[in-house]
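Throughout, protein chains are lettered first and strands after them, A, B, ... in sequence-line order, and every chain is numbered starting at 1.
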Protein chains: 2
Amino acid sequence: MARAGLTTKRLIQAGADLADESGFDQVTVSALARRFDVKVASLYSHLKSSQDLKTGIALLALEELADRGATALAGRAGKDALIALANVYRDYAGEHPGRYAAAQLKLTPEAAAASAGSRHSQMTRAILRGYDLTEPDQTHAVRLLGSVFHGYVSLELSGGFSHSAPDSQESWTSILDALDALLRNWPAQQ
Amino acid sequence: MARAGLTTKRLIQAGADLADESGFDQVTVSALARRFDVKVASLYSHLKSSQDLKTGIALLALEELADRGATALAGRAGKDALIALANVYRDYAGEHPGRYAAAQLKLTPEAAAASAGSRHSQMTRAILRGYDLTEPDQTHAVRLLGSVFHGYVSLELSGGFSHSAPDSQESWTSILDALDALLRNWPAQQ
DNA sequence: CCATTTGCCTAAACCCTTTAGGCAAATGCA
DNA sequence: TGCATTTGCCTAAAGGGTTTAGGCAAATGG
């Protein structure tokens, strides 16, 4: 009988595609086995567990996002960079909702350390070089931007802004304008 | 044999407690049956499905959050109100992580319409009465605040800000200061 | 070309979901 | 109080996901 050519990498890629097509909660070892037309148990030579698969998809998504971010930031600064990175998150979530959902998984400390998580905060910090913030405000601003990007995209994805005026795109643009203004005029310590 | 006295309401309450104790993904009809020392099938007289249970927990959490918000906003305006409502979300998520996770469930349009969701946007809008914003900026600001509250709390809950200086509380305070400043100086249309 | 490694298989145990049908406790009405 | 009805929890069973153990055949390599 011919072999299917399974590898951990191919399984995680296919799992990510499955997540985008059917939702991250539909990602199961069984569904993946069906997709490769292979028996379920066969996947356990390549995956430690179902959790392992999900973590793999999360790490893949974080890498892809970081790669896109790095490309988007190249040659940009200030508001330009802010908008570019913000759109990376929003567009990625729109194109890959399952992968994006996976990226929200709570990782174990080890997995988190091995993830592209630090690249993400580095990128946000890079944007802030175009503004005049010093520590600890810079860290506060990194956390604010992370919160807005993640919060907005996740509310948009769960349908919070649909079917109500104004358009989500309009709010997004306006919010990025507002964040830029805020970063240029970060309030002094109270 | 004595009866256990199950009702839909009690089941959903217990499910919410279970979520807070063990995580929302550990909420199953089976686990709930064990908690009441009852056979699994018995719960299906009170719950349509496992999904129904989860939706019920989400709706409960949204109600509780809205109730806390209404209490916190009473008699407050401006920055005071902003801080009070923001802390409602953050504190609730800290005290009830499982319930908070449930509240992020993507609801069906019918469930969403029957939920306390609109109370939440009304509360945020109420805060903005203390600032000088007119439509459509007010809606943009509502969406920004929703994004920051949800985004920050969810990043904090998933461990994003732990084990790194400065303290999360410090960033939270600073971010709320910054949002207040931003709302007082919302940039004019570009 | 044969030995070893590797990959996918069958089999089986365990848990969660959901429906169908039954018996006993609670309720309500005379 | 006594009986009929309703209601609540039960047993049974089917279906699907996870995971481990052990086996055979295909690929690999000396």
Side-chain angles (χ1 to χ4, degrees), chain A residues 1-60 98-99 101-102 105-108 110-111, chain B residues 1-60 98-99 101-102 105-108 110-111:
Chain A
M1 207 170 288
R3 296 189 176 185
L6 307 179
T7 65
T8 301
K9 191 171 180 178
R10 282 189 67 199
L11 288 174
I12 288 174
Q13 291 271 357
D17 293 343
L18 178 58
D20 286 334
E21 290 160 25
S22 318
F24 184 57
D25 51 333
Q26 299 303 310
V27 173
T28 63
V29 179
S30 295
L32 208 50
R34 280 192 291 275
R35 176 162 289 220
F36 281 94
D37 201 27
V38 133
K39 298 296 170 180
V40 185
S42 306
L43 301 201
Y44 281 84
S45 314
H46 307 279
L47 302 170
K48 275 202 286 292
S49 66
S50 177
Q51 188 55 47
D52 190 48
L53 168 63
K54 288 169 187 162
T55 299
I57 297 173
L59 295 177
L60 172 66
R99 280 167 158 88
L105 256 196
K106 188 165 179 169
L107 299 174
T108 62
E110 311 84 66
Chain B
M1 207 170 287
R3 295 189 175 184
L6 306 179
T7 64
T8 302
K9 192 172 178 177
R10 282 190 67 200
L11 289 173
I12 288 173
Q13 290 270 359
D17 294 343
L18 177 59
D20 286 335
E21 291 160 24
S22 317
F24 185 57
D25 51 333
Q26 299 302 308
V27 174
T28 63
V29 178
S30 294
L32 207 50
R34 280 192 292 275
R35 174 163 291 220
F36 281 93
D37 201 26
V38 133
K39 297 296 170 179
V40 185
S42 306
L43 302 201
Y44 281 84
S45 315
H46 307 279
L47 302 171
K48 277 202 284 294
S49 65
S50 177
Q51 187 55 46
D52 190 48
L53 168 65
K54 288 169 188 164
T55 300
I57 297 173
L59 295 177
L60 172 68
R99 281 168 158 88
L105 256 196
K106 189 166 179 169
L107 299 174
T108 62
E110 312 86 66

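Proximity of Leu18(A) to Arg34(A): side-chain heavy atoms (C-beta onward) are nowhere separated by under 4.5 Å.
Remark: C1' of dA27(D) and CG of Leu6(A) are 15 Å apart, rounded to the nearest angstrom. Between the CG atom of Asp52(B) and the C1' atom of dT18(C) there is a distance of 13 Å, given to the nearest Å. Straight-line distance from the CD atom of Gln26(B) to the C1' atom of dC15(C): 12 Å, rounded to whole Å.
Remark: Ser22(A) OG to Asp17(A) CG distance equals 10.0 Å, nearest 0.5 Å. Taking CG of Asp20(A) as the start and CD of Gln26(A) as the end, the distance is 13.0 Å to the nearest 0.5 Å. Remark: Leu53(B) CG to Thr28(B) OG1 distance equals 8.5 Å, nearest 0.5 Å. In this structure, CZ in Arg10(B) is found 10.0 Å from NE2 in His46(B), a value given to the nearest 0.5 Å. Distance check, rounded to the nearest 0.5 Å: OG of Ser50(B) to CG of Leu32(B) gives 9.5 Å. For the atom pair OG1 of Thr8(B) and NZ of Lys48(B), the computed distance is 8.5 Å after rounding to the nearest 0.5 Å.
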For Thr108(B) and Thr55(B), run side-chain contact (heavy atoms from CB on, under 4.5 Å): C-alpha distance rounded to whole Å, both residues' side-chain angles, the deciding distance at 0.1 Å, then the answer. CA-CA 9 Å; Thr108(B) 62; Thr55(B) 300; over 6 Å; no

Please step through side-chain contact (heavy atoms from CB on, under 4.5 Å) for the pair Gln13(A) and Leu60(A), ending with a clear verdict. CA-CA 8 Å; Gln13(A) 291 271 357; Leu60(A) 172 66; 4.3 Å; yes

Assess whether side-chain contact (heavy atoms from CB on, under 4.5 Å) is satisfied between Leu105(A) and Ile57(A), documenting all intermediate values. CA-CA 10 Å; Leu105(A) 256 196; Ile57(A) 297 173; over 6 Å; no

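A heavy atom closer than 4.0 Å to some atom of DNA chain D occurs in Ala41(B), Ser42(B), Ser45(B), His46(B), these being the qualifying members of residues 40-47 of chain B. Near DNA chain D, meaning a heavy atom under 4.0 Å from it, residues 27-39 of chain A has Thr28(A), Val29(A), Ser30(A), Arg34(A) in order of number.
Helix bend of the helix from dC1(C)-dG30(D) to dA30(C)-dT1(D): the angle between its two end axes, each built from five pairs, comes to 10° after rounding to 10°.
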